[in-house]
Every structure is written in C-alpha cells, then in structure tokens.
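All remarks here apply to the structure that follows.
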Amino acid sequence: MIVRPIQLDDLDALQQMARETGVGFTSLPDNREFLREKIEHSMASFLDPRGEGAQLYFFVLEDDQASSAERIAGCCAIEARVGLSSPFYHYRLGRLAHSSPELGLHRLLETLFLSSDHTGDAEVCSLYLRPAWRGGSGLRSRLGTMISRVRWLFIAAQRERFPQRVLAEMRGRVDDQGASPFWKSLGSRFLPMDFGDADRLIGLGEKGFIGELMPKYPIYTAFLTQEARLSIGQVHDQTRPAIAMLAHEGLRWEGYIDIFDGGPTMEAYIDDVRGVRDSRRLVARVDPDASDREARASGFRPRWLVARDGAAKDFRAAWVSRAPREERLVLSLAEAQRLNVSNGDYLRVLEC
Amino acid sequence: MIVRPIQLDDLDALQQMARETGVGFTSLPDNREFLREKIEHSMASFLDPRGEGAQLYFFVLEDDQASSAERIAGCCAIEARVGLSSPFYHYRLGRLAHSSPELGLHRLLETLFLSSDHTGDAEVCSLYLRPAWRGGSGLRSRLGTMISRVRWLFIAAQRERFPQRVLAEMRGRVDDQGASPFWKSLGSRFLPMDFGDADRLIGLGEKGFIGELMPKYPIYTAFLTQEARLSIGQVHDQTRPAIAMLAHEGLRWEGYIDIFDGGPTMEAYIDDVRGVRDSRRLVARVDPDASDREARASGFRPRWLVARDGAAKDFRAAWVSRAPREERLVLSLAEAQRLNVSNGDYLRVLEC
Amino acid sequence: MLVVRLVERRDIDALIALAAQAVPRLTNLPEWREGLEARIESTRASLEREIATPGDEVYMFSLEDTVAGRLVGTATLRAQAGIGQAYYTYRRETMIHASPGLGLRQEVDVLSFSHEISTATQLCALAVAPEYRDDLEAVALLRRARLAFIKQHPQRFAHWCAVAFAGVLDARGRSPFWESVGRHFFDRDFAEINFHAGRRAKSFVAEMMPQLPLYEELLTPEAREVIGETHIAHRHARQAMLDEGFKPGRHIDIFDAGPVLTARAQRLRTVAESRGCTLAPREPGPDAPCALVARSGLDDFRVVAAPAVLDPDGGARLGASARRALEMESGERLLLVPPRSTVEAT
Amino acid sequence: MLVVRLVERRDIDALIALAAQAVPRLTNLPEWREGLEARIESTRASLEREIATPGDEVYMFSLEDTVAGRLVGTATLRAQAGIGQAYYTYRRETMIHASPGLGLRQEVDVLSFSHEISTATQLCALAVAPEYRDDLEAVALLRRARLAFIKQHPQRFAHWCAVAFAGVLDARGRSPFWESVGRHFFDRDFAEINFHAGRRAKSFVAEMMPQLPLYEELLTPEAREVIGETHIAHRHARQAMLDEGFKPGRHIDIFDAGPVLTARAQRLRTVAESRGCTLAPREPGPDAPCALVARSGLDDFRVVAAPAVLDPDGGARLGASARRALEMESGERLLLVPPRSTVEAT
C-alpha cells in the first residue's frame, strides 16, 4: 500500500468515493467537474516549488499489489491555508458574565459568535477509507492510521509550506432520524433550504451566502433547543474514531464549531502535533540483502511509516518493516523501490 | 532563600511592595485592609484540604539568612479559579470575513469582543521582585526565575487543586508619557475616569462597572487609533522579561487582551506548561554527610528548585545543590531543614 | 361625584389596597408601603419645585368618589420615563438577509435593546378598585385627567408620551415571553422579577438582560405569538389610548413583551382639544353634554366629568355639584375638553 | 411653460447630461447610459402593470421647458425603497451605560444598521439643469409633482415616504464620515463607492459594511460632526421637504451620513391639500393665484404650476397655456393643489 499525490487518472475512483460518502462529507461533493478541478488544483500545488498560497494537497491510498482495477482504497487531503480566496466561517463558543451586585446574581452565559478566526490556517480534511478496506488484521488493520497520519508526515517533510496552526472539522451530531439538532434549531431558521443543500453549497466552495444569510449578531445558546445546545462541539457517532485519533495527535477543541451542524473544529499548533513533532529525518540505507519476508507475512503489523524527505511532487509514503537505528533506516530493495528512494536519500519517518 | 505561603506577619512587607509597584500593577493596590484580606484569603486557601473554590495562593520570597529586618525579597501568587464570584472580562481579538463576490472584494476585519471565556481558569499573578534583590550573580541572579517558576512547582505538587487552563495577564504598552494608547482610544471614551482609577477599582475586585459601562457590542479595531491598534497584545517594556519567561514555559497569546490597556493574556493548558510537565516527583534522601560547601560558595548558580510534595500548607521551596539520580534526590541536613523535609519524604523537583 | 386630584399623604392605605387588587400586577404599582410612600413624597416635592424642563419628577393622582368618601383609583405621570434609572424596551426591527447569488431574500425580525423611550413622559400605574372597573367613565376620567395636567403644565413634561400595557400571560399566570427570554438570564419567575423591577432601581435590568439584539426566530412559538400583544384585562385601556391618539410602535416591554404606545403630547386629543376658559356664573341646561373639566392649578389641580356648556364669550357653565367637586367659584380659570361628538374627527 | 411628465425613451441623452451636471453627484442618478435606460424601461413597465400593492416599481419623471423645447430636470419615485435590493441606513440610538455602584451614568450614541426605510416610498434622483437651479418654482414643481402622482395613485405607493439628502463633503470633495467608517471596509474613495452603489445592486453593501452597531464615540471628530448634516447644495431642498411635512428622524445614509427624512404620505401638504376637480370651460381672472395643477391619469399624468381658480361647483378654471401644456380639454378630471396662502396652516 502506498500513499501518493492524486493524479487525473484517479478521477473515476475519486467520484466513486464521493458517491460513497454522501451528505455531511462536505468537502467531497459528487460533481465530476468540481472533482476534476480539485485534482488539478492539487497537482499544481504539489508541483509549485514554493507553495505559499491556498494550496491543496490531495492524496490517495493505493494498493500497489492489487491485480484488480480497484486499486484506490481511500483518500485524504490537506488545505494549506483556508479562507484566503473565499470567506471561511465558524461559530465560536464564548462566555459572557452577566452580573448584578444589587441582586446578588452572577451568571455566565454562553454565546456563539460568527468568526473567521481560522483564516490562513491549514486544514486536514477529506479523509476516507473505502468500506472494502476497513477491518481485518495485520497490515489491513493499519490502513486507517496510515491514511490519517501520512498527512503529518507530509507536513513535517514540507514544513515551510504550512502556517502555524492546523485544524480539522468534525461532522456534528445527528439524531435518530439522521437530522442535525443544531441545524434544526439555528441554521434552518435563517437558511431557507435543507441541511443537505446548504452542505452541498459549502462543499462547492460557495460560502458567501453564509455572510449574507446567517445571523450577524452573537447568539446566546440559551435560545437554542436543548438538543441543539447538547450538540455543540459533539460529533457524529461515525466520527468518534477520527476525533479520538486527532486528540491523540494533540489537537483540541477550542470552542469553534461548524455553523451548520455544530460539530467541533479540532485544532493545534502544527509544531505541537505529535505526528509532526515525533517524526524524524533519517538517511536511507538501501540494503540489497535485506529481506522482505517479514513484511510479506500475513500477520505483519507495520509500525514505521516512511516517505522521501524531498520535493513535494515526489512524495510517496509506505510502511517499512525495520526500525531505524540511530540516524539511519535500512530499506529492502522492494521498499526503496516503492518509496522511489535511493541509498543516501533523506527520509521522513514516523512511528505509528 | 525560600519561597513560602504568606502569613499575617508579612503584611507590612506586602504593603511596602504594593507601594513600590504603583499604578498598572493591578492586583496589588496600596490598601492595607484589602491586603490583609488577601493574606487571610491565602492562608485559608492553603489550609483548605480540598481547595476547589476561588482559592488564592500567595507566596513570599524570604531571605532566611538575612540578619536585617528586611527579609522579604518578593512575592507571587496563583488564583485557582478566576471569575467565580465576580465577573472577569477580557477583550478577545477575533476576525470576521467581509466579502462581496460581486465586487470581487474579500477582506478580513479584526474585532474585539467582550468575553468572560476565562472564567474558572487559574491565573498566575502578583509577581514582584524588589529592586534591592535584582541583578547580581550566582544565586542572586536566579531569584527572578525562582519566584516565577515556583508557582509551577506548587501547581504540579497540588495538581488536583487547579483546573485545566492557566493564564497570566501582562501589562500593556504605554507611550512616552506613560499613558496607554489603547486606553486613550477605547476605555477613556466610555469610562469617565482616568486609567489609574479604573485600574485601582479592578485591583480592589470592583469589576461590575465593566459590564455596566464598557461597550457591549463588538468593536472593529479599525475604529481605534493606529497607536491603539498597534498596542493590542503588546506589552510594557518592563514586562518583556516576564512575557519571555512565560513564553518559554509554553504559554501563548491566544488573542485575549486586557480591556483597559490592551496587554496580552498569556495562557496554556496546565499540563502543557513546561514547569509542570518537566517537574518530577522524587524521594528525599537526607544525607548527614552531604556537604553544603558548593551551595555556600559565592558563585553558586543553583539549578534545582525543590519543594516538599505534600500538604499545601507545608509548601516551602528552595534551591538544592545536587542533581537527582534516578528517583532520588540527596539533601544535606541544611537543605532538608530549610525545606522541612525528612528522609523518605516525597519531593517535587524542577530543573531551572 | 368622581374627582381626580393629586395624591395626598393620607391616601397611602387606600393605594396599597389598590396595588394589591391590580390585575395583572403592575410593575409600576407594587404592593409595597415604602415604595408608595416614597412616590407620594416625590409627588409633593415635584409640585413644590420650579420646573423649566422635565426631569425626575413624578406626579401621582388619586381618583376619589366624593359620595362614597373613598379613594377608588390611582394613576401616575413620570416627567421622563428614564431619568435617574434608564427605561429600557426592546425595539422590533426587521433586517433583510439577502443572497443575490442564490436569489434568496429573508426577512429577519430582531429585538434590539433600546433606551429611546427614556426621554418620553410616561403614563403608568393606573389602577381602579374592582367595583369601579366596569365604570368606563371613571376609568376614562382617570386616564384623561393626566393629559389635562400635561396641557396645563407643558414645561413640566416631554414633548412626547409613552404608555405601556401588560403583556399576555398564560393560564397559569406565566409570561410566555419571559419564559423564552428573561428566564435564561434570571432563574426566577416573572412575578418575582416584576416585583423586583417595581421595588428596586431598574438598573439591574441593564446588567442582567441581554443587550445584544435577539433574533425573534430563536424564541419559542408561544413567546413570538405574544410579542406586542396586550393582556386581556388591558385591551380596553389600549384601545382607549389608541382613540386618544397614541400610535402603536416598535417598542415592547423587555419582560413580558407588552406593547409600548407613543404619541406627541400635543397630538393627543385631550391635549389638543382642551381649551382654557373662565367659570361662568350660570348653570348649564338640563341636556348639556358631559365634558372633562379641570380646575387650573398645580397642587390644587382637580378634574371631573360633568355637563358643561361653553358660552360664546369663553365662559364655561357648570352645575353645582361639579363646582363643589372642583372647589371653584365663578370667574376662576379652568380647562375644558368638550365632549367628543362636538369636535370634528381629526 | 414648465411641465412635469413621466419619462420617455427619447429623454435619455438629456438625462445623461443632467446626471453629469448634478452637484454633488447623486448615488441614485449615475451618469451611466445603461442604468438610465433601464430606469426608463422600468418606468414604462411599471405604468403598464396593474398594481394592487406597491412593489419594485420605479417612476421617473422629466421636467420639460415647453418654450425652450428641452428637458431641464428629472426626479424619481421608487414605490418601495428596498424591494429587490435592501435599502440600508444607520439608525441613531442613544444607549445608557450606568453604574449605580459608582454613581455614573453615560449616554452612548450608537449607529445601528437598519433596514426600516426599505418599506417606504422613496423620493430620489432629483436634478435640474444648472441654469434652472435658481428657479425655485421649477425645482418646487418637480419636487411636488411626484407627490401629486402619489395622491392620484395611492395603491401604487407605501403609506410612508422617505427622502435622503447628500451629506457633507470636505473642501476636497471627500466625505469625512466615509473616511472614518466606510473606508475601513472598502479601501476605495467615496466617489467610487457612490458610483458603484448607483450602478450596481446595493446588496454588496450588506456584505461589506459593518452590520454590528457602531459607537459614535469611536468615529473621528470630523465624522461625528457631519452625522445627519446636509450637503450645502441640498439645504434648500431639505428645508422645502420639511415645509412639505417631512420630519427629521434618526436615520442617516450609511455612506455619507446625510439625513433621511420620513413622513406619512397622507400628511404631506401636497397630498393632503390637493383635491380632484373638473376642468371648467372658463379662464381664471388676471389676478388668479398660482396653483399646482395635475392632469389625472397614469401614463398621461402631467403637472404644471399655473394661475387657477376653483369655482364653487368644483370646476377649475385654467388659462390657455396651462391647458395646452396639460393637453387637456374642458370636462376632464384634474388634481389641484391650491396655493399655500389660501390654506390654513395645519
């Protein structure tokens, strides 16, 4: 399995994944033209030697051993700087003291403020592992980790392409009918459309209507329904593993939520993220005598995620079977080939 | 030199320090009754076995070797949870996108929101080292570090007494005439008093008037004078060393500022603070044969700050001369006596 | 005969009884001796003061049944609704949220905390004893007497007036608006808050109630339904004030969302239609129509409703009982508001 | 003779010239052929439509000098100021910040983004050729003709009207208010924004201008001085509108802080005092006072100022030139506003 930048050839697979994800997976709408542009945007970003604008780095997880046509197992992406060309909004949960010395009352009220505070931050997004590749044991049990953490490996390798902070938006809570209580209590009062339509517009990058239609004054959460209040910063059941993984990386919820479903925005300073902080830069030592037997064993549970530490466009990440020793990592010929690495090249390595 | 909880006997020295600090050092007004209450509040807090309310832990730095009456060299404090009994306000610097697809305009505007977000957080405050004790070399050169970092040692030793987050408020920038440009541009328009009076009221805990008199609607910073805008989050020249020290501990400015002078609020999750994270719990090994020669040498520059890891009321912190070895720290008899520690007691140790 | 006059210290017990019987309880008339005594003292002090422009004066009036020899109603004028303590309302405003790109346009109703009414002269605290509530003339006399007083002493009052009416309560006496709005900010019942608001400086409202604009969309349907609606017991009173010339407006009470009506003082019918004249020696004929008649004066201001005829020379003929009730003799100045039927509709 | 009539397609070149000569430049009358052509088309379409309640109709009028045979003025009515595109103003509100504990009370002036004026009928885009600017009768005719049109077709207009006047500019033609407020949100000059606002849908305003209330205290002293003040070139016009019955209010223009006056349509003098009558066959005498006379009609609505006499039987006598200008024959219906001196002051 390798993770590599997406190419135009992957359009069919990407659209297939967009269909599988459905509503609520905002960033991957089922719109071929839009997806093609996304791929082209990503390809241009990887090629850009400096990469200081609103770059998009989109990756696919490919089964390089697969014999069938279905080689693409999942995808993930990083937006280098959100909100530079179109507005980017959150609600921010704040607190305001209301206090009356005369009545001996002192209350703290929660408020939601429309905010674009995260403009210019990086975002990790579009993480998807196709159902056929989920579960299992050995290497297969590690694909979720791979497709998620590979982004930190890339960011660490291309640190100068990214700003100070990174965020990830989590799908918000839904009720038994699959509806968002937060949307019902707030968004639906101001946007004359259903949740799916609003979400689709956002996915297509049409965010201007938020500033036009959503409330401009701060909202006291006391005016929302209890279900909506209880949904603030809470995630969709299916998102629990993802949020746990991000929390483990050191991302936290600092009070920013999605304006539609109230889902939490997880965030951190990039240099504090475990996957970035703990990754190491090592020298590849390609050993023709090194065996691949262990890695080919069915129960092999890889621990070392590796990519070449060089030009962004050459990024390819894969598991290797050996632990690094001091500043070196021994690769078998097969591993070196898979990573497109030669003896003496620099590697970026993360223990997962 | 030791750091210990303040006692009623220290009232004269505390008032002397309040006089020395002057305007802008909000938390230490020159008001004897107020200072006495502060001491009593602190004494009750140290004695409280659980300490889960709005506790105040006030420390003094004492020269236990001094022959003169002037033994108190400085002070520092920790408020366990701010804003529980009276409102606690900041302005929070936020950003809001204003965007017009039709005109091809997309701007990000900075806003100041009145906020009580930090209610319930811990605050480190009231740090003061008297002029006579500043400068010098050897141990004397380390007193600033000692009086500052001892708070992390206490928090680490009494972790359950503190919440998730901690903050520190920094004095804001003043102009050549000693006036705050932020105050001139904002606060003075709404509060018919001078900066010193407003600051004094805050110091006395009279914060209700902020909610009553200060603007309730968010403020676009564009409406402030340029000098005021440039003061947002900037510190007083005298505060640069303090902010550098806090930044080194891992505290960051997250956009909250003082509502009067615009000075930054530094903050962190307590468990991320270097002084808390790096402190260790060790066993005291009191060795009657251990020499104090090194510690008594004039050029001795101590590195290990230590306190007993036990009841809050027994907290005493001092330097020791030896580095820990594995889980143990060897103390001379004099060191053990100074820390009020017996062989086998647990210690909290921080390398400074 | 019913006569309206300025309050006297001896009225206190009767006023407390009136406050206790008011339905619904009036914020401005709490059953609270110290408060009512203070208002009487304020009235007496206001009458003694030389006034060039309106300030914090209060004028409390009593309705007396001279036959029964008892006090049966009360009403108050505050020269300025919000002097000393701010008078807050919510002001209803419609915002447009439009997205040309999506071809959408939404009207969004907002309640903004407002202090605008503070400068108006406030008509408040009107209450009559239960057995006089159906006596529409008694209530009208009390209501209009205040306006005659304003006509007499314009320098003591603002150029505009405001009057608030209690909002709708549910079957259990709770205010749906309070339950949806105020409740979040005070964990107390409407009745209790109303009591506090009546007794204490209302400034605590400023401190505790939301000052940021509120979106009506986010209130409960029950609360939205009662915005600007009047308690059933006050609907007649509201209609009477509309007839008098008050206009419905955008302001509502911050506690119960009852309406606040406003008008320019000089446009109110009782003010506009009243004219000064002199008490003529003759009596009116048996079929003279009933007019509002006020004795000119400050402390000795008195008002009755009585048959009256205006002579061509500007003299006003009044019957003996009205003269007695007004304590007036021929040749003294009075203010007369001719009956409605004789005045063209404006 | 000067006559006001609805705009015709052939007026376009003259209108462009008028727009170019306006001082100060009018937001609502940009020198922009496509825009003016569109307004003419809107006017024609509005006249053809059956209207029960006011909507997005526009009525543009032309002032023609029939002697010189040229178009010398224009003015516009928008049935609703903010339909289709919202009409925003700032509304001035005073808040009280009081601290009973400290014994302090501060009045704080706030500008709130408001959409309230949107539902009013808007009088706008009045301009006359430079050589007619001192002809007060020409300007008055143009101004009042619109009100006569409202009187004739009340169902086409809102029950209230609004008119905005350009705000104060400094010696260099910059708006101090714009420099202190709008400038922060658009890095463009006032003139350019004004031009955009005139040409494009104003909806971009909603997107870019601050919608949160602004504290006047935080504006520059120069900006605060011009809030609600009128450009010197429009002061006569403003006074004329006050005389007509418009009231100064709390609303100001969001760009230059010029005042927005409002009034109930029926209270405006030209509306209130005009009456329908029939053109009498006879001519008025030589000393007949000058009245505003409008030919009843929609597309063929025409207005002149001419000597007129109202006969007791309701017939109106007009001179030959006025008949010609109005293109009317005896027996046809007209609307007559008698000269001011013959009507009691209200």
Side-chain angles (χ1 to χ4, degrees), chain B residues 86-87 89 91 94-114 181-194 197-198 200-202 204-226 228-229 259, chain D residues 85 90-91 93-113 177-188 192-224 254:
Chain B
S86 69
Y89 296 106
Y91 277 122
R95 295 188 295 172
L96 190 58
H98 279 226
S99 131
S100 169
E102 283 160 304
L103 288 185
L105 288 175
H106 176 48
R107 293 187 79 126
L108 210 56
L109 291 165
E110 292 197 330
T111 49
L112 295 176
F113 287 90
L114 198 62
F182 188 81
W183 166 261
K184 278 202 287 191
S185 183
L186 185 55
S188 71
R189 309 292 178 93
F190 294 92
L191 296 179
M193 56 183 84
D194 68 27
D197 289 339
R200 193 176 44 76
L201 284 165
I202 293 293
L204 295 171
E206 301 288 343
K207 295 175 186 168
F209 74 95
I210 298 170
E212 292 164 347
L213 296 174
M214 287 293 279
K216 275 93 187 165
Y217 301 132
I219 306 284
Y220 290 96
T221 61
F223 290 109
L224 305 184
T225 60
Q226 199 190 0
R229 282 203 304 281
I259 59 169
Chain D
Q85 36 183 272
Y90 281 125
R91 187 169 184 287
E93 176 105 25
T94 303
M95 306 296 283
I96 301 295
H97 289 189
S99 173
L102 300 182
L104 288 172
R105 179 188 160 92
Q106 298 278 100
E107 301 214 340
V108 177
D109 293 324
V110 167
L111 299 177
S112 295
F113 212 60
F177 187 80
W178 174 260
E179 293 300 319
S180 181
V181 179
R183 166 71 72 193
H184 300 306
F185 302 92
F186 303 81
D187 198 13
R188 310 235 177 134
E192 190 186 343
I193 286 297
N194 209 13
F195 180 71
H196 276 293
R199 287 181 67 138
R200 307 234 197 175
K202 276 189 177 176
S203 68
F204 77 89
V205 171
E207 292 155 22
M208 293 297 285
M209 287 292 276
Q211 305 215 341
L212 297 166
L214 303 181
Y215 292 100
E216 289 188 20
E217 273 291 350
L218 299 180
L219 309 188
T220 60
E222 296 77 21
R224 301 189 60 185
I254 60 172

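Here is how names work: the chains are called A, B, and so on, in the same order as the sequence lines, proteins then strands, and each is numbered from 1. These figures come from a predicted structure and were not determined experimentally.
By the 30° and 60° cut-offs, the orientation of the rings of F223(B) relative to F185(D) is tilted.
Heavy-atom distances place the backbone of M214(B), and not its side chain, under 4.5 Å from chain D. Both the backbone and the side chain of V181(D) come within less than 4.5 Å of a heavy atom of chain B. Contacts between Y220(B) and chain D at a heavy-atom distance below 4.5 Å involve the side chain alone, from C-beta outward. Proximity to chain D (any heavy atom under 4.5 Å) is restricted, for L109(B), to the side chain, taken from C-beta onward. At a 4.5 Å heavy-atom cutoff, the contact between S185(B) and chain D is made by backbone atoms alone.
Atom CZ of F190(B) and atom CD of Q106(D) lie 9.5 Å apart (nearest 0.5 Å).
Remark: the backbone N or O of I219(B) is not paired with any side-chain donor or acceptor of Y215(D) at under 3.5 angstrom.
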